[in-house]
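Quick note: numbers below take in every heavy atom, side chains included, and nothing from hydrogens, waters or symmetry partners.
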Amino acid sequence: MRSEELHETLLPKRLALPIFASDPLSSVAYATQEILLVLTLGGLAYLHFTPWIAAAVVALMAVVVLSYRQVVHAYPSGGGSYEVVSTNLGASAGLVVAASLLVDYVMTVAVSVASGVDNIISAVPGLAEHRVLMAVCFVALLTGVNLRGMRESGRAFAAPTYLFITGVLIMVGTGLLRYLLGHAPLSESASFGVAAKPADAGLAGFALIMLCLRAFSSGCTALTGVEAISNGVPAFRKPKSKNAASTMSIMGTIAVVMFVGVTTLALITKVHITGDSCRLTGVPGDCASYTQRTVIAQLAAAVFGGEHSVGFYFVQAATALVLILAANTAFNGFPLLGSILAQHRYLPRQLHSRGDRLAFSNGILALAIAAGLLLWFFKADVTSLIHLYILGVFTSFTLSQTGMVRHWNRELRTGTTDTEARRRGQVARVINAVGAVVTGLVLVIVLATKFTQGAWLAVVAAIVLWVTMRGIRRHYDTVAAELAVDDPRKELVRPSRVLAVVLISTLHKPTLRALAYARAFRPDELEALTVAVDREETALLQRQWEALDTDIPLKVIDSPYREITRPVVEYIRSIRRSSPREVVCVYIPEYVVGHWWEQLLHNQSALWLKSRLLFTPGVMVTSVPWQLTSSAKADHPAARAPGAVRRGEPQPHHGRPAARD
């Protein structure tokens, strides 16, 4: 796709919702489960706290959605939290947000895919031993689809997201209707008891508060990905800010309705789930071999009449799909943020460029590799991965809302005198201030309850990334300062003399071409240079050179230890030391081959020589190619290769007349 076609990739709200909101929508599938897993540490005695914890999560969701609507309108360029914080709190604070979000995007892919695989295994337990392979394959599939472009990925992922929303709402509606009619469904684990952990049995006071706070922090996984829409505003159709804000409101409403519905249904059906199946009492057979189904799976089986019902398989299939596709939120957020950071010189510049399909291909590939390694290292286990999750999100939430408060303070101090506009600004400031306080408290809670359980790894990763980005920026700044032109006239001064040196080993066609090429540039002095590794071969070359009858002298360097690179480099450097204002241009004949294995058989000495000579000031290195027969085949590829359009490679004609091409 041409750069001018970028407007054709812009998204309507119906496609933007599954692309940017699939993560917070799909987190409904495990947010309730995470609350129950923590509360059942104390047995069944503390499950009555579930509605209150869920209500706190809903209130937090409302505050965050309202706060980010302000961000979308105030900063529509797509920087989201990073831009807000950098503009209002400084570059260092902005990098804290960027590092936190980048780490969290990687975690989003890992957790979403692992959770999706869990739901597949709940429906087909026999696949449990292939968990890691399935997870990595799903990441590869998501990568391939996203490399096709944002609009294409939206079309591919829209149906599963809407099917999941439909399935969950039908399940919740059916379950609540049965409850109201006096036929409340019961989950398969309703008859099981839960043995409390000794340390968590009979909690009171501070310990009970910490248990509830830990359950609340786990339930806050429902908020992951909320900020993705603020990062993706440029991808929306015009009016961009309005459409992005509307999509965020729709996302928040749907997520709250589903989360409340699933939590309510879990309490009605008496779902009992623990981190260790041997803490369940009344389990048939060996507890160690008993596989607990996810909360969503138990609810679907209870509502629709068993694990073999059509409704059960529909909900499980839709849940597994949307959880895997929820990673797509990160596949859009990570490359966009990476592109902005690369533009600001905090990440390698390659992350700023778009691929053939106008997607940020390098960012997509970087995210896929990081997430794949994480899934492999933690064996695609949701329980292990979830502790590393959501820390970055709430760091971003807290700092961005604090930055928005400062933004409104500045706007109200220096902005318009219009009464209505000032009133809207004051209301927005209150919303962002409340958001900053609430999310700051949640950040403290998450740190306190999850740090020792694995969240410290996310903290360390964010710190390392922050330091790395500062180092990259320092490097780019140093290079820019070093390359800046102070006086163009000084830089354009011609060298006093140019010495051309042609490296030769044998007198053949490539050597003669290099000599002719060097002579065409009319250097002040031209010589041929060879290294005497084999005396007989060197003597033969000298005889051939005399027979050539040329005015170009042949310089022979003796090499008693059979080295080639070091004698040449030392000779060239000695010329530079004796004549610092003299430029030395080294011409190296090279073969151009058509197969990768041929490259292993040729040009190795030339490669080492170039790598060493490039570090010598005042030395220019020129490759003189000689195309072997096999290279002609590589010049006419049978099919278009990835990136061929941007590389300018010739494309197959597919039988069309040459006059029409």
A.B. asks: Would you find a donor on one side and an acceptor on the other, under 3.5 Å apart, between the side chain of S339 and the backbone of P335?
C.D. replies: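 Such a contact is absent between S339 side chain and P335 backbone.
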A.B. asks: Kindly write out the residues that satisfy salt bridge (Lys or Arg N to Asp or Glu O under 4.0 Å) with R573, not counting sequence neighbours, or none if the list is empty.
C.D. replies: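 Counting only residues at least two positions away or on another chain, R573 forms no salt bridge (Lys or Arg N to Asp or Glu O under 4.0 Å).
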A.B. asks: With sequence neighbours left out, what residues match Y68 under ring-ring contact (aromatic ring centres under 6.0 Å, His included)?
C.D. replies: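 ring-ring contact (aromatic ring centres under 6.0 Å, His included) list for Y68, sorted by chain: F397.
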A.B. asks: Would you find a donor on one side and an acceptor on the other, under 3.5 Å apart, between the side chain of T87 and the backbone of V84?
C.D. replies: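 Side chain of T87 to backbone of V84: no pair is present.
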A.B. asks: Could you list the residues that satisfy salt bridge (Lys or Arg N to Asp or Glu O under 4.0 Å) with R497, not counting sequence neighbours?
C.D. replies: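 Listed in chain order: E525, E582.
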A.B. asks: If you look at every heavy atom in L399 and A93, which pair is closest and at what distance?
C.D. replies: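 Result for this residue pair: CD1-O, 4.1 Å.
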A.B. asks: Tell me every residue that passes side chain to side chain donor-acceptor pair (under 3.5 Å) with K610, counting only those two or more places apart in sequence or in another chain.
C.D. replies: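 Partners of K610 by the side chain to side chain donor-acceptor pair (under 3.5 Å) criterion, ordered by chain and then number, come out as E590, S623.
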A.B. asks: Just by distance, do the side chain of S86 and the backbone of E83 share a donor-acceptor pair under 3.5 Å?
C.D. replies: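 Such a contact is absent between S86 side chain and E83 backbone.
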A.B. asks: In Å, rounded to the nearest 0.5 Å, how long is the span from CG of L609 to CG of L614?
C.D. replies: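 It comes to 10.5 Å.
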A.B. asks: Does the side chain of S81 come within less than 4.5 Å of V71's, by heavy atoms?
C.D. replies: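 The answer is no, as the side chains (C-beta and beyond) never meet within the 4.5 Å cut-off.
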A.B. asks: Which residues satisfy the side-chain contact (heavy atoms from CB on, under 4.5 Å) test with R522, sequence neighbours excluded?
C.D. replies: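 Applying side-chain contact (heavy atoms from CB on, under 4.5 Å) to R522 gives none.
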A.B. asks: Check whether any side-chain heavy atom of F334 lies under 4.5 Å from a side-chain heavy atom of T108, and answer yes or no.
C.D. replies: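 Not touching, per the 4.5 Å side-chain cut-off.
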A.B. asks: Using residues 537-546 as the side-chain source, report each donor-acceptor pair under 3.5 Å to any protein atom, sequence neighbours left out, with the distance given to one decimal.
C.D. replies:
| from | atom 1 | to | atom 2 | distance (Å) |
| --- | --- | --- | --- | --- |
| T538 | OG1 | D534 | O | 2.9 |
| W545 | NE1 | I552 | O | 2.9 |

A.B. asks: Output all residues satisfying ring-ring contact (aromatic ring centres under 6.0 Å, His included) with Y346, sequence neighbours left out; order by chain, then residue number.
C.D. replies: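 Applying ring-ring contact (aromatic ring centres under 6.0 Å, His included) to Y346 gives none.
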A.B. asks: Hey, could you give me the CZ/CG distance between F138 and L375, rounded to the nearest 0.5 Å?
C.D. replies: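 The distance works out to 11.5 Å.
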A.B. asks: Taking the side chain as every heavy atom from C-beta outward, state whether S400 and V97 have any atom pair closer than 4.5 Å.
C.D. replies: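 Of all side-chain heavy-atom pairs linking V97 with S400, none is under 4.5 Å.
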A.B. asks: With a 3.5 Å distance limit and no angle check, can you tell me whether T530 reaches the backbone of I504 through a side-chain donor-acceptor pair?
C.D. replies: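 A pair under 3.5 Å: yes.
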A.B. asks: Considering only heavy atoms from C-beta outward, does the side chain of L374 approach that of M107 to under 4.5 Å?
C.D. replies: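 Of all side-chain heavy-atom pairs linking M107 with L374, at least one is under 4.5 Å.
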A.B. asks: Indicate the atoms forming the closest heavy-atom contact of P160 with L321, along with that distance.
C.D. replies: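 Nearest heavy atoms, P160 then L321: CB-CB, 4.0 Å.
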A.B. asks: Is there a donor-acceptor pair closer than 3.5 Å between any side-chain N or O of R576 and the backbone N or O of P617?
C.D. replies: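 Yes, the answer is positive, given that a donor and an acceptor are paired below the 3.5 Å cut-off.
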A.B. asks: With sequence neighbours excluded, tell me which residues meet side chain to side chain donor-acceptor pair (under 3.5 Å) with D477.
C.D. replies: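 Testing D477 for side chain to side chain donor-acceptor pair (under 3.5 Å), a comparison that skips the adjacent residues, returns R345, R473.
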A.B. asks: Distance-only check: which donor-acceptor pairs under 3.5 Å involve side-chain atoms of residues 563-570, not counting sequence neighbours?
C.D. replies:
none

A.B. asks: Using salt bridge (Lys or Arg N to Asp or Glu O under 4.0 Å) as the criterion, list what pairs up with D558, not counting sequence neighbours.
C.D. replies: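 Partners of D558 under the salt bridge (Lys or Arg N to Asp or Glu O under 4.0 Å) test: none.
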A.B. asks: How close do A380 and R131 get, heavy atom to heavy atom, and via which atoms?
C.D. replies: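 Looks like O-CD, 3.4 Å.
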A.B. asks: Distance-only, no hydrogens or angles: does the D524 side chain make a donor-acceptor pair with backbone N or O of V498 under 3.5 Å?
C.D. replies: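 Side chain of D524 to backbone of V498: a pair is present.
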A.B. asks: Using a distance-only test with no angle check, is there a side-chain donor-acceptor pair under 3.5 angstrom linking R470 and S92?
C.D. replies: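 Yes, because at least one side-chain N or O of R470 sits under 3.5 Å from a partner of the opposite role on S92.
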A.B. asks: Would you please test V624 and W626 for side-chain contact (heavy atoms from CB on, under 4.5 Å) and show each step?
C.D. replies: CA-CA 7 Å; V624 183; W626 179 270; over 6 Å; no
A.B. asks: Test L95 against L341 for side-chain contact (heavy atoms from CB on, under 4.5 Å), laying out the working first.
C.D. replies: CA-CA 9 Å; L95 277 189; L341 289 167; 4.3 Å; yes
A.B. asks: With sequence neighbours left out, write down each residue that passes side-chain contact (heavy atoms from CB on, under 4.5 Å) with S611, or none if nothing qualifies.
C.D. replies: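 Here the qualifying residues are W608.
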A.B. asks: Of all heavy-atom pairs between A244 and V72, which one has the smallest distance, and what is that distance?
C.D. replies: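 It is CB-CG1, 3.6 Å.
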A.B. asks: Between atom CG of L147 and atom CG of N362, what is the distance when rounded to the nearest 0.5 Å?
C.D. replies: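 The distance works out to 9.5 Å.
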A.B. asks: Identify the heavy atoms of N243 and T247 that sit nearest to each other, and give their distance.
C.D. replies: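 Taking N243 first and T247 second, the nearest heavy atoms are O-OG1, 2.7 Å.
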A.B. asks: Could you report the tightest heavy-atom contact between R349 and Y476, atom names first, then the distance?
C.D. replies: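 For R349 and Y476, the tightest heavy-atom pair comes out as N-OH, 3.2 Å.
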A.B. asks: Hey, what do you get for CG (L367) to CG (L351), rounding to the nearest 0.5 Å?
C.D. replies: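 Nearest 0.5 Å value for the CG-CG distance: 11.0 Å.
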A.B. asks: So how far is it from F378 CZ to L373 CG, rounded to the nearest 0.5 Å?
C.D. replies: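 It comes to 11.5 Å.
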A.B. asks: Think R519 forms a cation-pi with Y587, using NZ or CZ under 6.0 Å from the six-ring centre and within 45 degrees of its axis?
C.D. replies: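 Output no; distance or angle outside limits.
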A.B. asks: Distance-only check: which donor-acceptor pairs under 3.5 Å involve side-chain atoms of residues 506-518, not counting sequence neighbours?
C.D. replies:
| from | atom 1 | to | atom 2 | distance (Å) |
| --- | --- | --- | --- | --- |
| H508 | ND1 | T511 | N | 3.4 |
| H508 | ND1 | T511 | OG1 | 3.1 |
| H508 | NE2 | Y591 | OH | 3.3 |
| T511 | OG1 | T506 | O | 2.6 |
| R513 | NH1 | P625 | O | 2.9 |

A.B. asks: Quick one: pull up CD1 in I463 and OG in S100 and give me the separation to the nearest 0.5 Å.
C.D. replies: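 Those atoms lie 9.5 Å apart.
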